[in-house]
Amino acid sequence: MTKTVILGTLTVAALAAGAAGAATLDDVKARGKLNCGVTTGLVGFAAPDANGKWDGFDVGICRAVAAAVLGDPTAVEFVPTTGKTRFTALSSGEIDVLARNTTWTFSRDTDLKFDFVGVNYYDGQGFMVPKALGVSSAKELDGATVCIQTGTTTELNLADYFRKNNMSYQPVPIETNAEAQQQYLNGACDVYTTDASGLAATRAAFEAPGDHVVLPEIISKEPLGPLVRHGDNDWGDIVRWTFYALVAAEEYGITSANIEELAAGTDNPEVNRILGTEDNLGAMLGLEPTWAKAAIAAGGNYGELFEKNIGENTPIGLSRGLNAQWTDGGLMYSPPFR
């Protein structure tokens, strides 16, 4: 009797979760656009241009999901969020997915009831200071004033690092990266701390980037990636596998330039399954057979998105590092499409 009750409860829970996921997909289709939460503006990752068009590495994830679900990478409403507002926007349903520099942590995954669908950038927290300060190590920052975004993991990491090294600091709380940049350049703080990628993006926007230095210490692990609400299992699968389609595309040499040629059929079954010419993986997601093809065509594969927006040949100047493919010594690794 007890076993029957437990199984019944699990079945009801599973059906409820499936319904929640289906509801999100249905809502997006009925609305005709994806509501995607992004940062308020971080060059290279997510920022609007002079005409209000959003572009960047994280923006590419939003457009790929829109292409996979709606067949249109431009069918996205970008919702700027801060460190404080991002989780409320997601949990309340204001946005369908959060794709901004957000760290996957235990409490966010469990206590806040979110599902991180993957890591699109492996990062770590660092420090930036004016070169004129004459500092070459974070361990020389005792007594410094530090600009730090509220509602982020960087607050706790900063406190831990200074405590461990018997140093003191004076926090200067800020809400957005734009505010941090202004405060830092105006001398309201000696140091700006955030993810190292964010520091590189911020410095690239300065009139004199060479006047500022990112210190060598990386004091944390910051696996950044898109997330959805708990219970949206079907929706989570869509966002997860859309991201992995971009990663797998790079591994298998599917690019924005050759995707049409490869979509005609290849001798690689994995490529065929990704592009929808063999089997029909899209049906398992409630999407068209060419969902992944549309996602990849939206902005290119993972490597193309990286190089175009934040790579070494951009003002951001980030090397692949941990974000290289696993075949090149990095951590980018897609599960099989089969």
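Count residues from 1 along the sequence.
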I would like to know whether E304 and T255 meet side chain to side chain donor-acceptor pair (under 3.5 Å); could you show each step before the answer?
CA-CA 8 Å; E304 288 180 285; T255 70; 4.8 Å; no
Under the criterion salt bridge (Lys or Arg N to Asp or Glu O under 4.0 Å), I'd like the reasoning laid out for E260 against K293: C-alpha separation, chi angles, the key distance, then a yes or no.
CA-CA 9 Å; E260 291 299 334; K293 176 191 172 187; 3.1 Å; yes
Keeping the roles fixed (side chain from R108, backbone from F114), state whether a donor-acceptor pair exists under 3.5 Å.
no
Side chain to side chain donor-acceptor pair (under 3.5 Å) between T202 and Q181: does it pass, once the steps are laid out?
CA-CA 7 Å; T202 301; Q181 179 175 322; 5.2 Å; no
Closest heavy-atom pair, A89 versus T81, reported as atoms and distance to 0.1 Å, is CB-CG2, 4.2 Å
Taking all non-hydrogen atoms of both residues, which atom of A99 and which atom of V38 are closest, and how far apart?
O-CG1, 3.7 Å
Does a donor on one side chain and an acceptor on the other come within less than 3.5 Å for Q125 and T193?
yes
Donor-acceptor pair, side chain of D142 and main chain of S168, under 3.5 angstrom
yes
Write down the atom of G32, the atom of A75, and the distance for their closest heavy-atom approach.
O-CB, 3.6 Å
Just by distance, do the side chain of T266 and the backbone of L262 share a donor-acceptor pair under 3.5 Å?
no
Between T327 and E251, does any side-chain donor sit less than 3.5 Å from a side-chain acceptor?
no
Report yes or no: does Y302 contribute a side-chain atom to a donor-acceptor pair with the main-chain N or O of Q325 at less than 3.5 Å?
no
Stepwise, does the side-chain contact (heavy atoms from CB on, under 4.5 Å) test hold for L98 with F116?
CA-CA 9 Å; L98 180 63; F116 285 79; over 6 Å; no
Any side-chain heavy-atom pair from K139 and Y161 closer than 4.5 angstrom?
yes
Kindly give the heavy-atom pair with the smallest separation between Y244 and G118, and that separation in Å.
OH-CA, 4.4 Å
Backbone N or O of Y252 within a donor-acceptor pair of the N301 side chain at under 3.5 Å?
no
Please indicate whether E179 has more than 12 foreign heavy atoms, meaning atoms of other residues, nucleotides or ligands, lying under 6.0 Å from its CD.
yes
Transitively linked via ILVMFWY side-chain contacts under 4.5 Å: I174 with F45?
no
When you check the side-chain N and O atoms of T314 and N309, is any donor under 3.5 Å from an acceptor?
no
Distance only, no hydrogens: is a donor on one side chain within 3.5 Å (strictly under) of an acceptor on the other, for D58 and N101?
no
Heavy-atom neighbours of E140 CD exceed 12 at 6.0 Å:
yes
Spell out, yes or no, whether V59 and V117 are grouped together once hydrophobic residues are joined by side-chain heavy atoms under 4.5 Å, including indirect joins.
no
Are any side-chain N or O atoms of E155 and backbone N or O atoms of G151, one a donor and one an acceptor, separated by less than 3.5 Å?
yes
Mind running side-chain contact (heavy atoms from CB on, under 4.5 Å) on S197 and Y121 for me, showing each step along the way?
CA-CA 9 Å; S197 63; Y121 193 92; 3.7 Å; yes
For I296 and L246 the tightest heavy-atom approach is CA-CD2, 3.9 Å
Can a side-chain donor-acceptor contact be found between D190 and Y169 if the only test is distance below 3.5 angstrom?
no
Between Y122 and V119, is any pair of side-chain heavy atoms under 4.5 Å apart?
yes
Before giving the answer on side-chain contact (heavy atoms from CB on, under 4.5 Å), spell out for M128 and F206 the whole-Å C-alpha distance, their side-chain angles and the decisive distance to 0.1 Å.
CA-CA 12 Å; M128 179 168 63; F206 291 169; 3.9 Å; yes
Rounded to the nearest 0.5 Å, what's the gap from CG on D55 to NZ on K53? Could you check?
6.0 Å
Can you confirm whether D109 sits close enough to W104 that some side-chain heavy atom of one is under 4.5 Å from a side-chain heavy atom of the other?
yes
For the CG atom of N280 and the CE atom of M284, what is their distance to the nearest 0.5 Å?
8.0 Å
Within a strict 4.5 Å, meaning less than it, do heavy atoms of the V76 and K33 side chains meet?
no
Atom CD of E307 and atom CZ of F57: how far apart are they, to the nearest 0.5 Å?
10.0 Å
Taking D115 first and then R240, would you say they form a salt bridge - that is, a charged N and a carboxylate O separated by under 4.0 Å?
no
How long is the gap from NE2 on H230 to CG on L90, to the nearest 0.5 Å?
11.0 Å
Any donor-acceptor pair under 3.5 Å linking the side-chain atoms of Y184 with those of H212?
yes
Could you state the interatomic distance from CZ (F127) to CG (L215), rounded to the nearest 0.5 Å?
8.0 Å
Identify whether the distance between the nearest side-chain nitrogen and carboxylate oxygen of E175 and K84 falls below 4.0 Å.
yes
Chi angles and distances behind the side chain to side chain donor-acceptor pair (under 3.5 Å) call for Q149, T176:
CA-CA 7 Å; Q149 292 188 50; T176 67; over 6 Å; no
So, the side chain of N157 versus the backbone of S220: is there a donor-acceptor pair under 3.5 Å, distance only?
no
What I want to find out is whether E250 reaches R320 closely enough, with some N-O distance under 4.0 Å, to be called a salt bridge.
yes
Work out which heavy atom in I148 is nearest to a heavy atom in P171; give both atom names and the distance.
CG2-CB, 4.4 Å
Heavy-atom count around D49 CG within 6.0 Å, excluding the residue itself: above 12?
yes
State yes or no: do V43 and V214 share one hydrophobic cluster built from I, L, V, M, F, W and Y residues joined by side-chain heavy-atom distances below 4.5 Å, directly or via other members?
no
Does the side chain of T153 come within less than 4.5 Å of T105's, by heavy atoms?
yes
Would you tell me whether T152 and T154 have side-chain atoms, one donor and one acceptor, within less than 3.5 Å of each other?
yes
Same cluster for F306 and V65 if Ile/Leu/Val/Met/Phe/Trp/Tyr side chains link at under 4.5 Å?
yes
Are T24 and D27 linked by a side-chain donor-acceptor pair shorter than 3.5 Å?
no
Hydrophobic clustering (ILVMFWY, side-chain heavy atoms < 4.5 Å, transitive) - are Y192 and I218 grouped together?
no
Determine yes or no for a side-chain-to-main-chain donor-acceptor pair under 3.5 angstrom, with D96 supplying the side chain and N35 the backbone.
yes
V191 versus V135: any side-chain heavy-atom pair under 4.5 Å?
no
Using only heavy-atom distances, determine whether the side chains of E217 and S137 contain a donor-acceptor pair under 3.5 Å.
yes
Any side-chain heavy atom of P335 within less than 4.5 Å of one from W241?
yes
Does any N or O in the side chain of S92 come within less than 3.5 Å of the main-chain N or O of T88, such that one atom is a donor and the other an acceptor?
yes
Any side-chain heavy-atom pair from T39 and P80 closer than 4.5 angstrom?
no
Do the side chain of D232 and the main chain of G236 share a donor and acceptor less than 3.5 angstrom apart?
no
I would like to know whether F337 and V271 meet side-chain contact (heavy atoms from CB on, under 4.5 Å); could you show each step before the answer?
CA-CA 9 Å; F337 279 75; V271 171; over 6 Å; no
Can you find a side-chain donor-acceptor pair between T74 and R63 that sits under 3.5 Å?
no
